[in-house]
Amino acid sequence: LFLPSVAARLTGGTASRTYEEYDEAVRDFAAVVGPDVPEPDLKPSHFLKHRLYLAGRFGLHRRKKFMIMIRTKFKWCYDNGHIAKPPRYGSEYKLPTKAEFRKAEGSRRREHGRLKYEPPELGALLANTDDAQVRAMIFLGLNCGFGQEDLSTLSARVVDRKGGVIDDCRKKTGVERKAFLWPESLAAVDAAIAARPVPNQSRADLDDRVFLTRFGNPWVEDVECDTKGGDVKTRHKDAIGMLFWKLNVKAETYRRGRNFYSLRRTFRTCADELGDQRAIALVMGHEVGDVADRYVEEISDARLRKVTDHVRRHVLLPALKAEAAIRRRKALEHKADGGPLAKAG
């Protein structure tokens, strides 16, 4: 009863993945507590058993998500008259607290370091790839906090090359986004489009995508695949995440928890120094979340440029300087090892 209602109300690019998570959550709950247990017989001990199962399998974020999904299921059942009253969850079936999240993040940070990138690390990433698409992805991640899905769905129509601006909304949330692009970002996007593979001819929706895999498909998408039991499941494919992980390993910049979204963290951390939260939120496609969201109808271009110019000055330019130094060093090492330059000499 519950899952069809979830499918009916989900919309947007992440709908199928969200449905799969609900499906996994409710089926796991049934398997853990016993699928034949009548709903009126559910006790706090059943929910404690489920929480312990989640704790042994997932981290805090996913544990919290699945517990919320189970609570949502029972609330829906009660609101729609399928059960007489909500179950008694008990004192042990509480969501992870903010303090627990802070402690977990502090422990991770002490062991593995911060997730944002320093300019020398960004220089190492850039120096270890000559792929036009990858370089453009890195520039957009730093320039305006683009994530993997933002890049995968980016349309050439919303990139105003003459004005040097992307003015659109985030496909993930529908929140308005506007960001002025650095000259380096524009040049990288032009190079990526020039080197873009031919779009998959069976997909008319890909003709104006800026980024495509070498097979002409989206870099990030939900794909259906058959399971061993014969069921069809939706699998989330994130080729950007996998490619970036390999680049981190190659550049020796990998650390636990660091991924492509760390470029977005890097942008936000640097931009935060300006204190213009509303302008930063517009660049990133976020809502500030206060009452002023209803009343502020426009952010000046000067404020938006100030945000991206600040990040360019303090992050990008030092990173490009570091990249140049690494490439010079590699060229000298190659020459010393008897490369083409040494043989020509």
Give me the atom names and distance for the closest heavy-atom approach of [X] to [Y].
X    : Y    : answer
S262 : Y117 : CB-CE1, 3.6 Å
A136 : A192 : CB-CB, 3.8 Å
V315 : L142 : CG1-CD2, 4.2 Å
L140 : S185 : CD2-CB, 4.5 Å
V6   : Y22  : CG1-CD1, 3.6 Å
A179 : V283 : CB-CG1, 3.8 Å

[X]/[Y] ion pair, N-O < 4.0 Å:
X    : Y    : result
D208 : R157 : yes
R161 : D190 : yes
D23  : R27  : yes
D207 : R203 : no

Apart from [X] itself, what residues make up its hydrophobic cluster, given side-chain heavy atom links below 4.5 Å?
X    : value
L115 : none
L48  : L52
F215 : none

Quick one: side chain to side chain contact (heavy atoms under 4.5 Å, CB included) partners of [X], sequence neighbours excluded?
X    : value
T153 : K171
P38  : P40, D41
K330 : N128, I326

Ignoring hydrogens and angles, tell me if any N or O in the side chain of [X] forms a donor-acceptor pair with the backbone of [Y] under 3.5 Å.
X    : Y    : value
K75  : I70  : no
R305 : F180 : no
W219 : L212 : yes
R196 : V210 : no
S107 : A104 : no
E100 : T97  : yes

Could you tell me the separation between the [atom1] atom of [X] and the [atom2] atom of [Y], rounded to the nearest 0.5 Å?
X    : Y    : atom1 : atom2 : result
C144 : L304 : SG    : CG    : 11.0 Å
F2   : H82  : CZ    : NE2   : 11.0 Å
L122 : T253 : CG    : OG1   : 8.5 Å
L282 : E176 : CG    : CD    : 5.5 Å
L316 : L126 : CG    : CG    : 8.0 Å
C270 : R313 : SG    : CZ    : 8.5 Å

Q.
Side-chain heavy atoms nearer than 4.5 Å, only ILVMFWY residues, links allowed to pass through others: does that put L125 and M242 together?
A.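 Each belongs to a different hydrophobic cluster.
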If you look only at pairs with a residue in [range], which of them pass as a salt bridge (charged side-chain N to carboxylate O under 4.0 Å, His left out), with sequence neighbours excluded?
range            : value
residues 53-69   : E21-R62, E21-K65, E24-R57, E24-R62, D28-R57
residues 125-139 : D130-R327, R135-E323
residues 117-128 : K116-E118, E121-R255, E121-R258
residues 263-273 : R268-D272

Q: Take atom CD of E333 as the centre, draw a 6.0 Å sphere, and report whether it contains more than 12 heavy atoms from other residues, nucleotides or ligands.
A: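 More than 12 heavy atoms, drawn from other residues, nucleotides or ligands, come within 6.0 Å of this atom.
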Q. Would one find more than 12 heavy atoms of other residues, nucleotides or ligands at under 6.0 Å from atom CZ of R88?
A.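 No - once you tally the heavy atoms of other residues, nucleotides and ligands closer than 6.0 Å, there are 12 at most.
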(Q) Tell me if the centroids of the rings in F47 and F29 come within less than 6.0 Å of each other. (A)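 So the answer is yes for these two rings.
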(Q) Tell me if the centroids of the rings in H310 and H314 come within less than 6.0 Å of each other. (A)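 H310 vs H314: aromatic centres under 6.0 Å.
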Q) Would you call the rings of H61 and F101 parallel, tilted or perpendicular, where under 30° means parallel and over 60° means perpendicular? A)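 Answer is tilted, since the angle falls between 30° and 60°.
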**Q.** Partners meeting ring-ring contact (aromatic ring centres under 6.0 Å, His included) with F211 (sequence neighbours left out)
**A.**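 Testing F211 for ring-ring contact (aromatic ring centres under 6.0 Å, His included), a comparison that skips the adjacent residues, returns none.
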**Q.** Qualifying residue for ring pair (Phe, Tyr, Trp, His ring centres under 6.0 Å) with F260, from W245, F146, F244
**A.**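 Going through the options one by one, the only one that passes is F244.
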Q: Kindly determine whether L154 and R209 satisfy side chain to side chain contact (heavy atoms under 4.5 Å, CB included), including the steps that lead there.
A: CA-CA 6 Å; L154 181 63; R209 297 281 180 96; over 6 Å; no
Compile the donor-acceptor pairs under 3.5 Å between side chains in residues 294-302 and protein atoms, sequence neighbours left out, one pair per line.
residue: S300; atom: OG; partner: R303; partner atom: N; Å: 3.3
residue: D301; atom: OD1; partner: K178; partner atom: NZ; Å: 2.9

Q: I would like to know whether D167 and D160 meet side chain to side chain contact (heavy atoms under 4.5 Å, CB included); could you show each step before the answer?
A: CA-CA 8 Å; D167 192 349; D160 180 357; over 6 Å; no
